[in-house]
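Labels below follow one simple rule: chain letters A, B, ... track the order of the sequence lines, proteins then strands, and each chain is numbered from 1. Because only heavy atoms are used, hydrogens play no part in the values below, and waters and symmetry mates are left out as well, while side chains stay in. Here the structure is a predicted model, which means the values were calculated and not measured.
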Amino acid sequence: MAIPEGKIVALLGSNGAGKSTMLKAVSGLLPSERGEISDGSIMFDGKDITRMDAAERVRTGLSLCMEGRHVFEHLSVHENLVAGAYSRGGASTEDFDRVYTYFPKLGDMRARVAGYLSGGEQQMLAIGRALMARPKLLMLDEPSLGLAPLLVQEIFGYIRALNEETGLTVLVVEQNARRALEVAHHGYILEQGRIVLEGTAAELNENPDVKEFYLGLGDEGRKNYRQVKHYKRRKRWL
Amino acid sequence: MPEGEPLLEVSDVSLRFGGIRALSDISFTVRQGDVHSVIGPNGAGKSSLLNCISGLYRPQEGRITLHTAGPDGSRREHQLVRARPHQIARLGVARSFQNIELFGHLTVLENLMLGRHIHMKHRLLPALVWFGPARKQEIAHREFVEEVVDLLQLQAYRHSPVGALAYGIQKRVELGRALCIEPGLLLIDEPMAGMNAEEKEDMARYVLDVNELRGVTVMLIEHDMGVVMDISDRVSVLDFGKLIGDGTPDEVRRNEDVVAAYLGADA
Amino acid sequence: MNQFLNLTIYGLSEGAILALAALGFVLIYKSTSVINFAQGEFLLIGGYTVYAAFVVFKLPLVLAVVVGLVFAVVMGLLIERFVLRPLVGESAISVIMVTIGLAAFLRAVVQMIFGTRPVSQPALLPRTPVEVLGTTIPLNRILVIAIAGVVLTAFTLFFRRSRHGIAMRAVADDQQAALTMGISVRKIFAMAWALAAVSALVAGVLLGDITSVSGNLVSFGLLVFPVVILGGLDSVPGTIVGGLVIGLTAQYVSGYWDPGLAQIVPYLVLIAILMVRPYGIFGETRIERV
Amino acid sequence: MAAISTGVYFRTYQRELALRHTKAQYVRLALVVVAAIAAPYLLDPYQLSILNTVLIAVVGAVGLNILVGFTGQISLGQGGFLAVGAFTSGLLTMRADLPAPLSIACAVVVTAAAGALFGLPALRLKGLYLAIATLASQEIIVFIARRWSFLREESGAPLSIERLKVGGYEITREYFEFQWYWILLGCAVVAVLAARNLFRTGLGRSFMAVRDQDIAAAAIGVNVTRTKVVAFAVSSGFVGLAGALTAHYSETVTWESFTFEISILYLAMIIVGGLGSVAGAVYGAFFITLLPVFLNEFIGGLGEDVPWLVSRLPAIENAVFGLVIIAFLLIEPRGLDRIWQRMKDYVRFWPFRY
Amino acid sequence: PGGGGDDAADEDGPIKVGIIADLTGATGDVGTPYAAGEEAYVKWLNENGGIDGREIDATVTDYAYDVPTAERVYKEYVNDGVVAVMGWGTGDSEALKSRVSADELPFMSASYAEPLTDPEEAPYNFVVAPTYSDQARVGLNWIAEDGKSSEVALFHNDSPFGLAPVADAQEWAADLDLNVEPYAMPAGSTNYTGLLSQAKKQGAKYIMIQNVSSPAALVAKDIKAQGLDMQIVCLNWCADELFIDTAGAEAAEGHVLVQPFAPVSAEQPGHDEVNAYLEENGSSLEEEGLHFAQGWYTMHAMAEGIRAAVEEGDLSGAGIKEALETMGAIDTGGVVGAGEIEFSADSHRGSTGTGIYQVEGGEMAPVELGATP
Ligand SMILES: Nc1ncnc2c1ncn2[C@@H]1O[C@H](COP(=O)(O)OP(=O)(O)OP(=O)(O)O)[C@@H](O)[C@H]1O
Ligand SMILES: Nc1ncnc2c1ncn2[C@@H]1O[C@H](COP(=O)(O)OP(=O)(O)OP(=O)(O)O)[C@@H](O)[C@H]1O
Ligand SMILES: CC(C)C[C@H](N)C(=O)O
Ligand SMILES: [Mg+2]
Ligand SMILES: [Mg+2]
């Protein structure tokens with residue numbers, strides 16, 4: 001799989017497909033879970049980073065915003081952001097301001113301890129923190145998890161804007177396929193650890209399987225959840 | 001209790017954390033047999049509200065009243081505000097959590113059996129001896145648990161430690177554990193977060209089945225408006241700890257405050 | 001009054017050393033969530049390295065202390081690299097056990113090399129009796145308070161002022177997330193262990209000087225527990241307050257009441273405080289949100 | 001044997017809830033039983049005496065594991081509770097003339113009560129804060145035992161206890177270890193079975209629920225307060241039994257046998273054996289009790305002719321003890337129980353590894 | 001299976017003796033030279049023809065001052081068929097007391113607690129030196145004579161060892177019109193200012209110490225540092241060169257040491273043998289200290305008992321006991337007590353004489369030798 005510079009790439013797949021594992025492999029987190037890459041290599045910016053350790057990868061410009069928030073619970077919102085800029089040796093006020101303008105809510109809560117924020121607030125913080133590293137490639141693992149619809153819209157707006165304004169490359173893993181494919185240029189679909197489908201966002205949007213399983217669209221448009229009477233019609237590309 | 005009767009009454013509940021007002025003067029009623037959704041922007045106080053109902057937070061003001069039917073069919077009232085969480089669970093209020101709080105080292109079966117905790121007797125001596133009452137009880141409750149396993153299609157995972165299961169499966173186990181309580185009122189906090197459309201359909205189906213077949217009243221927090229609007233009988237909307245809307249899905253969808261604060265233009 | 005002053009200065013000097021010993025413990029806990037049961041042994045090793053450099057190898061005192069510091073850093077790094085790092089991500093209690101094994105090992109190594117007799121080391125700090133407000137006190141007790149004070153302040157400032165302080169706390173909260181911030185968990189761990197060994201070395205040398213360089217230095221290790229719990233496991237200022245409280249109460253109880261009781265009084269104080277403040281005086285409340 | 005590798009099926013819940021399912025499990029059980037019966041006939045009295053201490057440790061370790069491994073409440077107060085059991089049983093036998101079995105039973109109850117009492121801080125304290133509070137209870141109990149002259153003979157010597165009599169059956173000097181072996185084996189087996197049973201039932205599960213997630217436990221109806229206190233009591237009951245057995249077996253009780261080091265050793269047993277596993281506690285009790293004995297045997301015999309080495313052997317032994325513990329946890333942080341599971345899996349799936 | 005070992009080994013094989021020693025534990029500082037002395041004596045004896053041509057086979061096992069370990073080691077010795085056991089601490093000697101008599105194994109430990117001298121109570125325990133109580137009595141006599149004050153503070157180790165002489169000392173003091181107040185010295189203390197200030201309040205000019213050297217030295221340092229007018233009277237285990245070394249000659253100056261075993265500086269004839277042996281092995285008694293000689297002569301006493309038993313033709317525990325009780329005085333060349341050790345069937349108090357020394361210029365200068373209460 002390849003992520004072209006300056007583009008937004010979406011990675012879709014059902015629960016347990018291995019999406020998060022994929023991102024962890026790219027950002028070098030597997031050793032910390034006693035996992036390892038058994039085969040293959042990862043190239044970034046023309047360099048082979050397969051053997052590089054996680055901290056170094058961040059310094060070369062890879063930043064991951066992990067699934068499940070992972071904010072530093074005992075640090076305040078502000079300190080979380082400071083930690084986010086650690087790899088750059090410190091942050092300027094400009095960086096903070098940028099995050100606080102994207103997420104005004106965080107601005108109001110600078111001094112609060114992150115562990116007590118609501119789920120969605122933590123999610124905002126996690127994304128803001130990842131931005132503090134000023135990455136070249138930002139990887140987001142389910143950024144919309146637990147966010148209100150309005151906010152999801154906004155976040156994807158920012159992603160788009162960041163991408164257009166600063167040329168930031170983004171790899172986003174999402175369950176909210178509709179939103180993801182709206183902003184992405186390109187998409188991959190992962191099932192049981194394999195890439196089973198890829199294409200431009202537009203192609204994927206038209207694929208009938210994607211429509212049914214990821215976009216929740218039946219043949220005759222969007223289905224009503226109340227009407228679904230059966231569990232699982234097992235799929236699919238395997 | 002007959003359909004449509006008030007089951008849970010929340011009146012004038014306020015909750016503060018230091019200077020932060022998480023909930024202010026919330027009042028609404030959940031009726032028997034409904035799927036009652038709570039929506040609102042992040043940090044609006046939805047989870048805090050559930051925590052108040054299940055006794056994990058203690059609101060500074062207000063009352064939360066639960067109605068149950070006694071053995072002879074008479075109505076009973078219970079105040080939940082001063083009750084401890086386990087006492088509330090014993091009244092048949094079960095819940096799942098936003099961030100999945102399963103017993104990570106235990107297997108799926110053990111997690112579900114723990115859902116049966118309030119229906120079991122826990123005496124030390126028989127437990128140490130095992131043969132006799134303890135074993136009989138285990139087997140009896142195991143039968144109930146197997147029904148839940150079937151309903152939620154967890155057969156394949158019975159003996160897997162839940163900590164290692166995929167996120168979606170864990171969500172299902174958590175729902176299962178709550179069902180094992182045989183609740184009258186089921187509180188679920190974002191059960192579909194992190195799922196794709198297909199999995200959401202399944203989850204919606206489970207919730208509806210529980211509600212329709214078993215007559216369990218459900219209180220649901222969810223950010224996917226498609227799901228909420230489709231399956232709810234009633235929707236309450238919170239923003240900044242205040243109730244800004246309460247009604248049927250259609251009424252709520254038309255409420256301008258709600259659209260501005262939460263839904264956004266295209267929902 | 002005389003007696004009170006006397007007890008107070010002894011209590012303070014001991015409290016100051018306790019605070020130093022506890023500081024190392026807290027640094028390790030703060031960043032790696034490891035409970036280091038070998039903290040007393042770190043003191044022991046600190047005391048004996050400087051003894052070896054100063055008395056056995058006859059280096060000038062300043063040089064001996066430098067050698068000791070280098071040795072402490074190296075030991076801290078080695079322990080982190082070969083004992084703790086392989087256990088990153090394992091349950092805290094397995095790691096606790098490892099430090100217990102480490103304690104047995106370190107203590108035995110010191111016995112192997114230096115035997116079980118106390119060794120004699122000339123006074124490092126002058127013991128001249130000085131007259132303070134009508135009571136006689138050896139000068140070294142006062143110097144100990146000063147030295148420990150300087151070292152403690154230096155450490156506190158380091159953690160307040162530098163971003164490493166935040167990085168350490170971040171690592172303690174969530175190692176994976178810290179990695180994604182480009183914080184090298186290994187380096188933070190290594191730093192914590194090395195600094196802990198250094199503060200223990202200072203404590204061990206001071207303690208060895210006011211008592212004697214002997215196996216007894218480890219018994220201070222156990223007292224570190226009430227100190228850190230009292231102050232709050234993860235608080236640097238907490239160690240100072242905890243150290244002084246324990247040092248002083250033990251001294252007053254043994255001076256005014258029953259010296260035998262002085263041994264368990266730290267624990268009684270501890271329980272009393274925990275009942276009011278379950279996370280110690282300055283400890284961070286563990287966040288339990290659902 | 002093909003059936004084993006394809007899986008195990010149960011037709012009734014009852015069968016599934018049994019402790020053993022496969023033929024291999026029954027074979028292993030039979031081997032253990034044979035070994036246990038043969039041991040006293042094969043071992044000399046000294047070896048048997050070590051085995052006896054191991055059996056007492058098994059009871060204590062199983063008890064501690066109930067609290068630490070299964071309920072997640074770290075305790076550094078094991079030594080104190082052993083002391084409570086030992087002194088209670090000793091005093092009741094010697095001063096109140098109760099028959100030994102009765103005083104042992106009382107010791108179990110008294111220690112359970114003491115455990116519940118000293119466990120009260122657990123309602124407010126968590127994790128290490130609790131651990132250190134239990135360390136405090138250890139220090140306080142030992143302090144009382146040391147200071148209270150009632151717990152000593154009039155001469156000031158440690159309390160001595162008469163040789164065990166159970167009804168008409170009396171331990172004889174000649175067959176001391178042999179007879180004790182059967183008694184202790186019985187106690188250990190009962191303790192192990194009782195603990196395993198406990199964790200097949202709802203009560204035991206509620207302990208584990210409190211360990212894994214106490215808020216969720218409360219939300220499903222577990223009374224967390226009560227559960228913690230009960231866990232402390234049950235665990236201490238086992239520990240009290242171990243203490244009482246120590247008293248009668250060594251025929252003397254002194255606080256010097258119940259110091260902080262003992263607490264640490266017991267903690268080592270359950271960690272090295274495997275937290276939250278009854279079998280693990282048993283393995284750990286064997287391992288930690290036997291390790292110094294073997295080290296003494298092997299290292300003690302080394303370097304007879306190198307005087308420098310000889311004088312340092314005891315220190316070397318201690319160093320090796322520390323190293324072995326470290327090495328162990330580096331290789332398998334989850335303990336012997338885990339190693340054993342992995343060995344079984346390896347054999348079961350052989351020759352298809354992975 | 002069976003309890004106890006078969007006592008008499010074959011007729012001319014080595015005679016087994018077990019030594020329970022503290023080499024790495026809380027009292028390892030004095031336990032190490034003591035055990036080395038015992039072991040050295042056995043070597044020396046074997047080199048010099050053994051007992052009636054038979055060697056003594058002595059095993060030393062470290063028990064780190066831990067009672068349960070002592071019990072285990074003891075059982076191992078019983079199983080190996082030793083004929084006698086050399087012990088160490090008060091706690092373990094008392095814990096093993098009834099077992100020892102049931103197994104009929106003579107037991108000599110380095111604990112000189114008074115109850116162990118009573119054959120009714122402890123028929124197989126033999127105490128070679130004046131008891132802790134006797135040492136305290138001698139010390140009190142000296143204090144009474146010195147007469148600077150009638151208040152005495154007794155600082156003692158907080159264990160059975162430390163407590164051993166307390167009650168007897170108080171009783172004895174009453175007869176001398178002295179008042180003894182006991183104070184427990186908590187293990188691992190890093191100063192004894194608290195105790196000293198209590199002693200000061202009591203008005204004590206004398207601090208009697210029943211503990212090992214390091215804490216005693218700490219007391220000396222504290223006294224000096226605070227310029228207190230107090231005199232230490234150390235009993236046996238802290239009355240040694242180590243006390244002077246650790247405290248420093250200056251701080252130790254003038255304090256009194258009640259020591260039943262003659263220090264090297266006292267140059268007793270008994271020292272020659274020991275010194276000769278040590279010098280052959282590249283060391284000296286000067287280096288090893290008086291506890292080495294203490295171990296040596298304790299072992300010597302046991303060996304003499306064994307020798308007598310062999311001569312009587314009954315090399316069993318009971319035989320050795322019998323021999324020790326009836327053989328008369330054992331000569332120690334002036335090293336132990338008043339020079340001789342003697343037991344009888346109704347007293348296992350081996351000697352009563354003890355030396356009193358005073359620290360002068362970093363040396364133990366004799367004040368009185370062979371003092372008895
Ligand atoms: N540390 C680990 N040890 C063992 N198995 C793991 C580990 N991490 C992940 N797995 C397994 O690898 C598979 C892929 O998991 P992954 O988290 O990548 O899924 P995902 O596609 O991100 O799913 P979701 O949408 O639920 O986040 C799952 O079956 C999971 O159980
Ligand atoms: N224990 C607590 N201590 C302090 N503040 C808290 C605590 N619990 C919640 N809050 C605060 O109360 C507010 C409401 O939080 P709550 O979790 O109820 O939001 P929510 O509606 O569930 O949001 P989301 O949709 O993001 O989960 C938030 O601002 C949160 O920071
Ligand atoms: C050195 C001493 C503390 C040991 C001593 N033999 C005792 O009686 O215990
Ligand atoms: Mg994922
Ligand atoms: Mg929420």
Heavy-atom contact with chain C under 4.5 Å, split by part of E:Lys200: neither
E:Lys224 versus C:Pro129, closest heavy-atom pair with distance: O-CG, 4.5 Å
Winner by heavy-atom pair count (cut-off under 4.5 Å) against chain C, out of E:Ala26, E:Gly28, E:Pro215: E:Gly28
Contact class of C:Phe220 relative to chain E, heavy atoms under 4.5 angstrom: side chain
Between E:Gly227, E:Gly31, E:Ala187, E:Gly25, the one whose heavy-atom pairs under 4.5 Å with chain C are most numerous: E:Ala187
Interface moiety of E:Asn191 toward chain C, non-hydrogen atoms closer than 4.5 Å: both
Option from C:Ile17, C:Leu217, C:Asn216, C:Thr211 for which side chain to side chain contact (heavy atoms under 4.5 Å, CB included) with E:Thr190 holds: C:Thr211
Criterion side-chain contact (heavy atoms from CB on, under 4.5 Å) on C:Arg117 and E:Leu242, from CA distance to verdict: CA-CA 8 Å; C:Arg117 279 178 183 229; E:Leu242 203 52; 3.8 Å; yes
Closest non-hydrogen atom pair between C:Pro259 and E:Ala184, with its separation: CB-O, 3.6 Å
Structural part of C:Arg141 lying under 4.5 Å from a heavy atom of chain E: side chain
Between C:Gln251, C:Gln121, C:Arg107, the one whose heavy-atom pairs under 4.5 Å with chain E are most numerous: C:Gln251
Structural part of E:Leu23 lying under 4.5 Å from a heavy atom of chain C: backbone
For chain E, the option from C:Ser13, C:Pro118, C:Ser219 that forms the most heavy-atom pairs under 4.5 Å: C:Pro118
Residues, nucleotides or ligands: over 12 heavy atoms within 6.0 Å of E:Glu286 CD: no
Contacting moiety of C:Val253, where chain E heavy atoms sit under 4.5 Å: backbone
Verdict with reasoning, E:Thr246 to C:Ser212, per side-chain hydrogen bond (donor to acceptor under 3.5 Å, both in side chains): CA-CA 7 Å; E:Thr246 320; C:Ser212 61; 5.9 Å; no
Backbone of C:Trp257 reached by a side-chain donor or acceptor of E:Gln198 within 3.5 Å: yes
Contacting moiety of E:Ser197, where chain C heavy atoms sit under 4.5 Å: both
Chain C contact via E:Ala217 - which portion, at a heavy-atom distance below 4.5 Å: neither
Heavy-atom contact with chain E under 4.5 Å, split by part of C:Ser214: neither
Atom of E:Thr193, atom of C:Asn6 and distance for their closest heavy-atom approach: CG2-OD1, 3.2 Å
Under 4.5 Å from a heavy atom of chain E, the part of C:Thr136 involved: both
Distance in Å, C:Tyr10 OH paired with E:Gln226 CD, rounded so as to fall on 0.5 Å steps: 4.0 Å
Gap separating the OH atom of E:Tyr183 from the OG atom of C:Ser254, nearest 0.5 angstrom: 11.5 Å
Which atoms of E:Leu195 approach chain C - backbone, side chain, both or neither, heavy atom under 4.5 Å: both
Proximal component of C:Asp258, with respect to chain E [non-hydrogen, under 4.5 Å]: backbone
Contact class of E:Ser214 relative to chain C, heavy atoms under 4.5 angstrom: side chain
